[in-house]
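The block underneath contains the structure these notes are about, expressed in structure tokens.
Every number for a ligand or one of its atoms is a count from 1 in the order of the listing.
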Amino acid sequence: MGITLHGIGIGGGVAIGHAHVISHNEIEIAHYNIAEDDVPQEVARFDAAIRLARQELETLWGSIPENAPAELGAFLSLHIMLLNDHALNSEPHLIIETQQCNAEWALKQQLDILLAQFDEIEEEYLRERRADVIQVTDRIFKALAGHHVPPPPPLRPDTILVAHDLSPADMVLFKDTDYAAFVTDVGGPTSHTAILARSLDLPAVLALRHAQALIREEELLIVDGVNGVVIVDPDERVLVEYRARQREWQASQRALQDIRDARPITRDGTEIELFANIELPGDTEQALANGANGVGLFRSEFLFLRDEDDLPTEDEQFEAYKQVAEAMHGQPVIIRTIDLGKDKIPKWQEESDAPNPALGLTGIRLCMAETQLFRTQLRALLRASAYGKIKLLVPMLTHVNEVRQTRRHLEEIKDQLRGEGIAFDDGIELGGMIEVPAAALAVASFLKQLDFISIGTNDLIQYTLAVDRNDDSVSYLYDPLHPAVAQLLHHVIRTADALGKPVSMCGEMAGDPQLTLLLLALGLRRFSMLPAQLLKVKRRILDADLTQLRGALSGLLAAEDADAVRALLAEIAVLKPAAA
Ligand code: PEP
Ligand code: MG
């Protein structure tokens, strides 16, 4: 008899497959095979980890205070001795070579051999050294984790990944793998983990609390991303039911392809612009395949979340931005400047010890503090602007002065480029994200300094409702239909319209087909979303009637709570039933 777990459904769809449970240890001790040609590189990776572990121990040894107990020195020298032992630092080479496996797996096997030998030892002192061997190997595993650990490839096509948590950086790595679905114990509906899940267009359920502990390796799972349900070890009757739902879902996805080339025009003739949100340059393929009118948000910071210790150079960034600009063939490409901090921490950046990172040095604030980082990016962006229609977008604006300072940097870099005879688009537009309530309320002042704005509802909701978007314990309070959100959005859109400046929305709200009618009623005409959502939202637009929606606006704005807004939206949808 199966068990049913409830969480937050992401990505829609249903997957049926077998669990691959990764624990924290297993991420470090992943097992996968490597190509023969990659063996020397893997051996070198292992050696680099040994060197790093040794360096750490030597640094520790060098910093032992004079009055420290003598055992501390003895303990560290024992660990250095173990690390220098052939059994730990050379035997794994042979395993990598003969089994063509990853370094972690080779080390794990060698550790198992050594521990078995220790278990045979009668003498107590020596047997106790077993714990030291484990501690030293742990240090090597950690050092290996700092040196490119790709996620294990799925064991078979229907593999469902079960993890306690996946960071945005883990998710970037998962973009290259081929899982059928994934489920995690934690995560909020607009956390970057959830956003990446949607961008992979996979069914996923987050915030299951105990999935990793309850689900066993290889167990059969049903993942229902629509209802946020995971069924473990389902019986035949349930399986039959879900197979039918899966087929239905697949058919509805196929049906959406019919409107791929249709222009997004409402029933009463207003054309809406639909743009794509992307994280990496390669995502433009999916954007184009789903008929995007351009890129409305390139989260450039994902270039900085790669699994390397260094920042991308100016040239590497230039190539990435140029690639996107060229791939979109002259359609607009809005590139957001680095939005690191909060949950997006690259390898080279220390975990923040700020008391509240979401209110700390993040987005444009970090760029203002790290001007070299910012200016290098602006140079790369300006250089790439010669190859397409690039526009810049600044995240986390709170003070108008942040726009003025950005403009100053931009003008200085333009002067530099002119001096060097490097081509760029002199008229490059500068936009700002409206995602802090202060910027939403004072949007008129921002609009005077900016060429366009884009509303980041993911953060705007988090800051307006004081609900951490990553914290599933309060996700029930994270409600985009809260009247305060609708009122802020209405104010921002109306002010931008009055001042004749383009306004778009790039938060997850824009890609939620359940909310399309509300946003149209509020006056939104430019939407940017993950490519996987484009056709679902287009379907709603094709069925929408703006005259009817305009009539419903005052009622929506006067609603006293989210349930009232929801009821009104349901009424509108019933009056003009949407097909998807
Ligand atoms: C937002 O906050 O709505 C947004 C689009 O930015 P991000 O989700 O990357 O914070
Ligand atoms: Mg944001």
Would you call [X] and [Y] a salt bridge, using N to O less than 4.0 angstrom?
X: Asp545; Y: Arg540; result: no
X: Arg566; Y: Asp479; result: yes
X: Lys414; Y: Asp426; result: yes
X: Glu411; Y: Arg408; result: no

For [X] and [Y], which I'm curious about, is there any donor-acceptor pair between the side chains at under 3.5 Å?
X: Ser454; Y: Arg336; value: no
X: Thr313; Y: Asp315; value: no
X: Thr337; Y: Gln377; value: no
X: Gln462; Y: Asp459; value: yes

| request: Please report which non-hydrogen protein atom sits nearest to atom 6 (O) of ligand 1, along with the residue it belongs to and the distance in Å to one decimal place. | output: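 For atom 6 (O) of ligand 1, the nearest protein heavy atom comes out as Arg336 NH1, 2.9 Å.
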| field | Closest protein heavy atom (residue, atom, distance) for atom 7 (P) of ligand 1 | value |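 Nearest neighbour among protein heavy atoms for atom 7 (P) of ligand 1, to 0.1 Å: His192 NE2, 3.3 Å.
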If you count the atoms of ligand 1 from 1 in the order shown, which ones are under 4.0 Å from a heavy atom of [X]?
X: Arg299; value: 4 (C), 5 (C), 6 (O), 7 (P), 8 (O), 9 (O)
X: Ile195; value: 8 (O)
X: Leu297; value: 5 (C)
X: Cys506; value: 5 (C)
X: Gly507; value: 3 (O), 5 (C)

| message | Counting neighbours of NE2 on His490 that are heavy atoms of other residues, nucleotides or ligands and sit closer than 6.0 Å, is the number greater than 12? | response | yes
Test item, [X] contacting ligand 1 (heavy atom, 4.0 angstrom):
X: Asn277; result: no
X: Glu279; result: no
X: Met433; result: yes

| Which atom, counting only N, O or S, brings Asp459 closest to the Mg ion (ligand 2)? | OD2
| said: Need the atom name: nearest N/O/S atom of Glu435 to the Mg ion (ligand 2). | reply: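 Looking only at N, O and S atoms of Glu435, the one nearest the Mg ion (ligand 2) is named OE1.
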Residue-level breakdown please: for [X] versus ligand 1, do any non-hydrogen atoms fall below 4.0 Å on the side chain, on the backbone, on both, or on neither?
X: Ile455; result: neither
X: Leu460; result: neither
X: Arg469; result: side chain

| query | Hey, are the side chains of Ile364 and Phe374 touching, using non-hydrogen atoms and a 4.5 Å cut-off? | reply |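 Yes, their side chains come closer than 4.5 Å.
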| Do any nitrogen or oxygen atoms of Thr457 lie less than 3.5 angstrom from nitrogen or oxygen atoms of ligand 1? |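 Yes; at least one N/O pair falls below 3.5 Å.
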| said: Check this for me - ligand 1, Glu301, N or O atoms closer than 3.5 angstrom, yes or no? | reply: no
| field | Main-chain N/O of Leu460 paired with Thr464 side-chain donor or acceptor, under 3.5 Å | value |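 Flag set: sc Thr464 to bb Leu460 pair under 3.5 Å.
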| Has Asp339 got an N, O or S atom lying less than 2.8 Å from the Mg ion (ligand 2)? | no
